[in-house]
Structure formats: C-alpha cells, structure tokens
Visitor: 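Starting off with a structure, shown below.
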Amino acid sequence: MKLFERFPVTVSNSLGGQKETFKPLIEGFVGMYVCGPTVYNHVHLGNVRTFLTFDIISRYLRHLGFKVRYVRNITDVGHLENDADDGEDKIAKKAKLERLEPMEVVKNYTEGFHEVMRQFNILPPSIEPTATGHILEQIEICKKLLDAGIAYESNGSIYFSVRTYNQLQPYGILSGRNIEELMESGRDLDAQDEKREKIDFALWKKASPSHIMRWNSPWGPGFPGWHIECTVMSTKYLGETFDIHGGGMDLKFPHHECEIAQASAANGKPPVRYWIHSNMLTVNGQKMSKSLGNSFLPAELFSGNHPLLSRGFSPMTVRFFMLQSHYSSTLDFSNEALQAAEKGYRRLFNALLALKALKATGFAETSSATGAGLASLADDCYKNMSDDFNTATTLAVLFEMSSRINDLHAGVLKTSEITESDFKKFADTYIMMMEDVLGFLPEQQEGSAHLKGAMDVLISLRKKAKADRNFQLSDKIRDDLKSAGIQLKDGKDGTMSWEAE
RNA sequence: GGUGCUGUGGCCGAGUGGCUAGGCUGAGCUCUGCAAAAGCUCCUACAGCGGUUCGAAUCCGCUCAGCACCUCCA
C-alpha cells in the first residue's frame with residue numbers, strides 16, 4: 001500500500017473554495033504548474049513564501065510516492081510595466097535604464113533567484129521553462145484563438161474578447177467576478193486604445209520601433225501578452241488538463257482567470273483541476289510588496305541590514321518561521337516572531353541531531369503503550385501533512401516528538417520499553433519529515449577539523465578540572481568559550497558536547 | 001462600489017460543534033558542584049451583540065475593526 005493511499009491528501013481548491021480529496025488525473029502521477037518570478041528585479045521574501053509553499057507540496061507529494069512533474073516558469077518577457085498603452089515591458093524598461101541587453105538583465109536576476117532558492121533549500125522544479133523559449137507556441141495559440149473567433153487583431157496586436165468567451169462559458173469562475181461588474185469599475189478606454197472593451201486582454205502586442213524585445217509574427221514584430229506564456233508552457237509540459245496550478249493569491253485575478261479563459265477557449269476543456277493559492281506575507285498588517293516599499297530582500301534579512309530588522313536571521317529560521325503558519329493564511333513578519341522562530345527551530349534541529357546520535361539497542365520484544373504512542377505520533381505527522389499540507393500542525397507534532405527524543409537521549413525513556421519497529425517508525429518519520437518533507441538543513445557549518453581538535457583538548461581539560469573539583473577552572477573554560485560563541489553542554493554521564501551559536 | 005478573507009491567551013500562530021494545538025516569553029520544580037541543555041507544572045484565549053444547538057472559537061445574522069484583489073505584483 002502506497003503512502004498516498006494510507007494518508008489521502010485533501011486540498012483547499014481555490015476553484016470552488018472547498019476542501020477536496022486530491023485525486024490526480026492519472027493515478028500515481030501529479031502534474032503541477034506554479035507561476036514563477038519575473039526576472040527584472042530581485043525576489044523578495046513574499047516571493048520566497050510562495051515558492052516555499054509549493055516546494056513543500058512537491059516534496060510531500062513525492063514523499064507519499066507520487067511521481068511529480070513540477071513546472072515553474074521564468075517570466076523573462078511580456079509583463080507590461082503600467083498598462084497596455086505604454087507598449088513597453090518591464091524587462092525592456094529596466095534594460096534601457098541600465099544600458100544592458102534585456103537578456104543580460106534576465107540572466108543576472110535569474111541567477112540571483114536561483115541563489116536565493118538554494119539558500120532557502122527550495123528544490124529546483126522538474127522543468128523551468130522561459131517565456132522567450134516559447135514564442136512560437138504563443139504565436140500558435142494566438143492563431144488558434146483567432147480562428148475560433150474568440151480573439152481579434154487590432155493594429156498589429158491580438159486581444160482576447162472576454163465578452164465572446166463569456167457567451168460560450170462563464171468568465172470569472174475562479175475569482176467570483178462577472179463581466180458586468182468589471183465593466184463598471186476600473187479605468188475607461190481612451191481614444192488610442194486598441195481594445196474593443198476594457199476587460200479584453202492582450203495575447204500579443206505589437207512592438208514599437210524602439211522596443212528592443214521583439215519577435216516576428218504573422219501580425220508583424222511584437223512580443224507576447226501578459227498571461228499567455230503560462231497557458232502555453234503548462235499545456236506543453238503537463239497537458240491540456242493537469243492536476244495542480246499554484247501561485248500567489250495576487251495572481252488569482254486577473255492572471256489565473258485569464259489563463260482559464262484562454263486555455264478553455266483554445267483546448268475546449270478546463271486546464272486545471274486544483275487551484276492552490278498561497279497567501280501574502282505582511283509587515284505590520286500590510287502586504288509586503290515592491291510598490292509599498294516594505295519588502296525585504298533575502299540578503300537584507302540575513303545581514304539584518306534593514307530599518308525594520310533588529311538583527312539578521314538565517315535562511316532556516318525564516319523557513320521554519322514561514323512553515324509555522326498555514327500557506328493559506330496571511331503571515332505577519334516581525335522581529336519578535338523571528339526570534340521566537342529561531343529558538344524553536346534550534347530545538348527541533350538539536351533533537352534531530354540527538355536522534356541521529358542515539359545508540360538505540362536492547363529493544364522490547366513485546367509492544368507497549370509507550371511504543372504505540374511513539375508510532376502514532378509518526379502517523380500524526382502524515383495525517384497533518386495530508387490535511388491540506390498543514391505544516392503548522394505537523395510542526396506541533398514534531399515538537400512533541402522532539403521531547404520524546406530528548407527523553408530517550410537523557411535515558412528517561414528507555415529503548416527497552418519499546419519495540420524496534422515502533423522506534424524505527426518514530427525515528428524514520430522524524431528524520432524524513434525534518435529533512436525530506438520540510439527541507440530543514442543544519443544551521444551552522446560543521447567546524448573545521450582544527451576547531452574540533454581544539455575543542456577536544458578544551459573538553460578534556462575541563463573534564464580533568466571537574467574531576468579534580470577545580471570548578472574555578474572548569475567554569476572559566478565554559479564561560480570563556482561561551483563569550484567566544486561556543487556553548488558547552490554537560491551530559492548526564494559526564495560526556496560533554498558543544499554547539500556554536 | 002464590487003469580490004473575497006481575517007479578527008484566538010504577554011507575543012506569534014493552529015484549530016474539521018463536545019476532549020490540552022504548538023512555539024516564544026514569564027513563574028516554579030527536577031536534573032546539575034553551579035550553569036547550560038533537557039524534562040515536568042503553571043499563567044487557558046477565542047472582537048462585540050444576538051440566534052441555532054443538549055453543547056459553538058468552530059454554524060447563522062447584525063455591528064465594529066482590519067486586510068487583500070478589482071492596475072504590474074508571489
């Protein structure tokens with residue numbers, strides 16, 4: 001029996017708003033698409049939260065035994081800076097400002113993005129396609145929508161007619177909007193506008209002579225519209241209908257709504273079975289965003305070099321901090337919360353080290369309530385993770401498990417009280433949840449061989465001093481090391497260990 | 001104005017109608033030569049007002065407060 005059969009996964013589907021049992025289209029296989037970053041600037045922590053959410057989802061689904069194809073795109077063209085009238089996209093604008101080639105900008109920020117992902121131990125997707133690598137497919141789908149009469153050409157640009165689409169099937173099913181209301185709100189079309197109606201959106205934009213990112217098309221030189229790349233790439237690599245589409249909450253409308261419309265119109269079927277949206281990271285109750293100027297760059301967070309931070313915090317502290325809340329809730333960012341997370345994370349991780357160091361022998365022959373309790377904690381991890389990837393409740397179980405690990409470590413709880421199979425289930429689950437599913441890594445790098453050797457010398461000196469009841473010396477060794485940032489810990493049986501802070 | 005969401009103890013933050021979430025902080029105890037680490041215990045809350053129910057933080061209504069989206073944004 002596969003793990004995904006023992007612990008069936010439920011997901012909150014943004015389409016419909018209900019929690020549903022997750023059943024992939026093809027049993028045992030999962031296709032997942034997540035909207036990736038626009039690489040015209042540094043990623044900030046809000047972006048990181050979204051990618052972390054889907055990192056956890058893909059890790060857990062794989063852990064359960066699904067074969068997951070995870071596609072996350074790089075948007076290196078196409079998102080307009082202000083509105084369609086400006087005819088200039090973000091990448092091109094930045095490039096002009098910096099006097100760089102557009103692809104140079106893209107390369108620079110893509111590398112930076114990957115570096116940040118590595119720092120947070122967010123695993124790479126299976127496929128990371130780029131918009132510029134799929135221009136032909138985007139032109140093809142434009143043709144298809146033109147042929148179907150749902151798109152129209154206007155002065156070298158192609159627009160999607162939302163009203164025409166809406167006559168065939170309802171527009172707005174994801175965000176709960178109807179086009180009449182949309183027509184009443186927002187900015188009105190001006191005289192130069194090429195769109196027939198303001199709710200229409202661009203599939204292909206004509207490039208002005210000064211526009212430096214341009215490709216030839218049947219309608220003249222231009223570049224792809226805002227939403228079409230995701231439809232093209234998800235269809236190409238996952239099929240016309242696939243299992244999971246994810247992204248930040250702020251993409252729900254209009255981006256994902258438009259994706260549904262385009263794909264449904266082009267392929268005659270809904271593209272996605274489960275929509276998952278991760279919520280926003282906030283600072284003092286307000287959404288973290290570039291435009292509000294309250295965003296943190298990962299580098300600022302690590303160094304503490306930011307007006308809102310009292311000091312720096314490590315990537316794993318932040319990872320833990322983010323996983324303490326559910327992805328569908330907003331999460332508020334503060335110094336106090338990060339400090340609490342730092343301590344909590346250290347506790348969990350020290351228990352992991354203690355568990356790995358545990359010499360577990362002499363197990364019980366017959367099962368006991370204690371052992372069964374440990375084994376059921378392992379099941380609780382899976383139950384919580386399978387319940388809409390609830391990392392917050394899973395962490396609560398892991399804290400409970402860490403206390404039991406410390407009991408084993410201290411000898412309060414003895415392996416002779418539990419069977420080997422109960423212990424193995426307990427221990428394996430703790431390790432796999434921590435490392436494989438939640439993706440935690442050691443905080444400080446292992447000390448050099450020289451440091452370890454020197455610490456061995458100091459520890460043996462201190463042991464000698466203690467044996468001689470020369471507490472003045474033994475305390476000095478401990479206190480001086482403490483002020484040098486190394487904490488000595490005395491074990492129950494006279495052993496000593498140390499931890500760099 | 002439209003659409004949706006939230007309001008939980010000192011702080012952060014889970015909560016599928018009935019059993020202690022959890023973390024951090026604080027207090028106490030155990031262990032320890034003394035500490036640290038660790039274990040145990042305590043501080044036990046659900047914005048307000050009504051309603052449904054044997055029973056509601058959880059469902060319904062109203063009020064208040066806040067947030068997000070409706071324009072590029074994870």
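Chain letters run A, B, ... following the sequence lines, proteins first, then strands; residues in each count from 1.
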Visitor: With a cut-off of 3.5 Å and sequence neighbours excluded, list every side-chain donor-acceptor pair involving residues 123-131 of chain A.
Guide:
{"unit_1": "A/Ser126", "atom_1": "OG", "unit_2": "A/Arg62", "atom_2": "NH2", "d": "3.3"}
{"unit_1": "A/Ser126", "atom_1": "OG", "unit_2": "A/Tyr70", "atom_2": "N", "d": "2.7"}
{"unit_1": "A/Ser126", "atom_1": "OG", "unit_2": "A/Tyr70", "atom_2": "O", "d": "3.3"}
{"unit_1": "A/Glu128", "atom_1": "OE1", "unit_2": "A/His114", "atom_2": "NE2", "d": "2.6"}
{"unit_1": "A/Glu128", "atom_1": "OE2", "unit_2": "A/Arg72", "atom_2": "NH2", "d": "3.2"}
{"unit_1": "A/Glu128", "atom_1": "OE2", "unit_2": "A/His114", "atom_2": "NE2", "d": "3.2"}
{"unit_1": "A/Thr130", "atom_1": "OG1", "unit_2": "A/Gly133", "atom_2": "N", "d": "3.2"}

Visitor: Would you confirm whether A/Asn279, through its side chain, and A/Tyr327, through its main-chain N or O, come within 3.5 Å as a donor-acceptor pair?
Guide: no

Visitor: Looking at the side chain of A/Asn47, which of B/A74, B/C67, B/G33 is the nearest nucleotide?
Guide: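 Side chain of A/Asn47 sits closest to B/A74.
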
Visitor: B/A37 and B/U32: how far apart are their C1' atoms, nearest whole angstrom?
Guide: 11 Å

Visitor: Between C1' on B/C69 and CG on A/Asn279, what's the gap in Å once rounded to a whole number?
Guide: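 It works out to 11 Å between those atoms.
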
Visitor: Any carboxylate oxygen within less than 4.0 angstrom of a Lys/Arg side-chain nitrogen, looking at A/Asp490 and A/Lys466?
Guide: yes

Visitor: What's the gap between B/G26 and B/G10 when it is taken at their P atoms, as a whole Å value?
Guide: 16 Å

Visitor: Is there, by distance only and without an angle test, a donor paired with an acceptor across the side chain of A/Lys287 and the base of B/C73 below 3.5 Å?
Guide: yes

Visitor: Tell me the salt bridge (charged side-chain N to carboxylate O under 4.0 Å, His left out) pairs involving residues 249-259 of chain A, sequence neighbours left out?
Guide: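 Pairs touching residues 249-259 of chain A that pass the test: A/Asp250-A/Lys287.
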
Visitor: Would you mind reading off the distance between A/Arg469 atom CZ and B/C34 atom C1', rounded to a whole angstrom?
Guide: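 In whole Å, B/C34 C1' lies 11 Å from A/Arg469 CZ.
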
Visitor: Quick one: A/Leu281 CG to B/C67 P, roughly how many Å, whole number?
Guide: 16 Å

Visitor: Enumerate the salt bridge (charged side-chain N to carboxylate O under 4.0 Å, His left out) contacts for residues 321-338 of chain A, please, sequence neighbours excluded, ordered by first and then second residue.
Guide: none

Visitor: So A/Met249, base contact, sugar-phosphate only, or nothing? Heavy-atom distance under 4.0 Å.
Guide: nothing

Visitor: With sequence neighbours left out, what residues match A/Thr370 under side-chain contact (heavy atoms from CB on, under 4.5 Å)?
Guide: A/Ser368, A/Leu413, A/Glu417, A/Ile418

Visitor: Could you please name the option among B/G33, B/C69, B/C34 that lies closest to any side-chain atom of A/Arg478?
Guide: B/C34

Visitor: Heavy atoms only, 4.0 Å cut-off, all strands: where does A/Lys466 land among base, sugar-phosphate and nothing?
Guide: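 Here A/Lys466 touches the bases of the nucleic acid.
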
Visitor: So, is A/Arg404 close to the B/C40 phosphate, meaning a side-chain N or O under 4.0 Å from OP1 or OP2?
Guide: yes

Visitor: Using the closest heavy atom to pick a nucleotide of RNA chain B for each, name whichever of A/Asn406 or A/Gly176 lands nearer the 5' end.
Guide: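 Going by which nucleotide is closer to the 5' end, it is A/Gly176.
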
Visitor: Return the set of residues passing side-chain contact (heavy atoms from CB on, under 4.5 Å) with A/Glu111 (not counting sequence neighbours), or none when no residue passes.
Guide: A/Lys107

Visitor: Which whole number of Å gives the distance between the C1' atom of B/G22 and that of B/C31?
Guide: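 Each nucleotide's C1' atom is 25 Å from the other's.
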
Visitor: Between atom NE2 in A/His409 and atom C1' in B/A36, what is the gap in whole Å?
Guide: 13 Å

Visitor: If you take atom types as modelled and just measure distance, does the side chain of A/Asp490 reach the base of B/A35 with a donor-acceptor pair under 3.5 Å?
Guide: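 When only heavy-atom distances are counted, A/Asp490 does reach the base of B/A35 through a donor-acceptor pair under 3.5 Å.
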
Visitor: As a test of understanding, state which of A/Asp379, A/Thr391, A/Asn390, A/Thr393 forms a side chain to side chain donor-acceptor pair (under 3.5 Å) with A/Asn384.
Guide: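 It is A/Thr393; the other options fail the test.
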
Visitor: Rounded to whole angstroms, how far apart are CG on A/Leu355 and P on B/A37?
Guide: 21 Å

Visitor: What interatomic distance, in whole Å, is found between C1' of B/U20 and the corresponding atom of B/G15?
Guide: 13 Å

Visitor: Tell me, which pairs form a salt bridge (charged side-chain N to carboxylate O under 4.0 Å, His left out) where one or both residues lie in residues 45-58 of chain A, sequence neighbours left out?
Guide: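 Sorted result for residues 45-58 of chain A: A/Asp55-A/Arg59, A/Asp55-A/Arg319.
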
Visitor: Figure out the CE/C1' separation between A/Met280 and B/G66, and round it to whole Å.
Guide: 17 Å

Visitor: Take nucleotides 12-26 of chain B nucleotide by nucleotide from the 5' end and write B, S or -, depending on whether a protein heavy atom sits under 4.0 Å from the base, only from the sugar-phosphate, or from neither.
Guide: SSSS-----BBSSS-

Visitor: Taking CH2 from A/Trp275 and C1' from B/A74, how many angstroms apart are they, rounded to a whole number?
Guide: 14 Å

Visitor: Can you confirm whether the side chains of A/Asp76 and A/Tyr109 place a donor and an acceptor under 3.5 Å from each other?
Guide: no

Visitor: If the C1' atom of B/C60 is compared with that of B/C73, how far apart are they to the nearest Å?
Guide: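 Their C1' atoms lie roughly 37 Å apart.
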
Visitor: Give me the distance, rounded to whole Å, that separates B/U8 from B/U58 when you measure between the P atoms they each carry.
Guide: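 The answer is 13 Å between these two P atoms.
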
Visitor: For the pair made of CG in A/Asn178 and C1' in B/G1, what is the distance, rounded to whole Å?
Guide: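 Whole-Å distance recorded here is 13 Å.
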
Visitor: For the C1' atoms, the ones on B/A57 and on B/C46, what distance do you get once it is rounded to whole angstrom?
Guide: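 Each nucleotide's C1' atom is 5 Å from the other's.
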
Visitor: Reading RNA chain B 5' to 3', how would its secondary structure be written in dot-bracket notation, given Watson-Crick and G-U pairs with both distances under 3.5 Å, brackets [ ] for crossing pairs and | for partners on other strands?
Guide: (((((((..(((.....[...))).(((((.......)))))....(((((..]....))))))))))))....

Visitor: Provide the distance between the two C1' atoms, one in B/U6 and one in B/C42, to the nearest whole Å.
Guide: 31 Å

Visitor: Could I get the full list of side-chain hydrogen bond (donor to acceptor under 3.5 Å, both in side chains) partners for A/Lys19, not counting sequence neighbours?
Guide: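 side-chain hydrogen bond (donor to acceptor under 3.5 Å, both in side chains) list for A/Lys19, sorted by chain: A/Asp387.
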
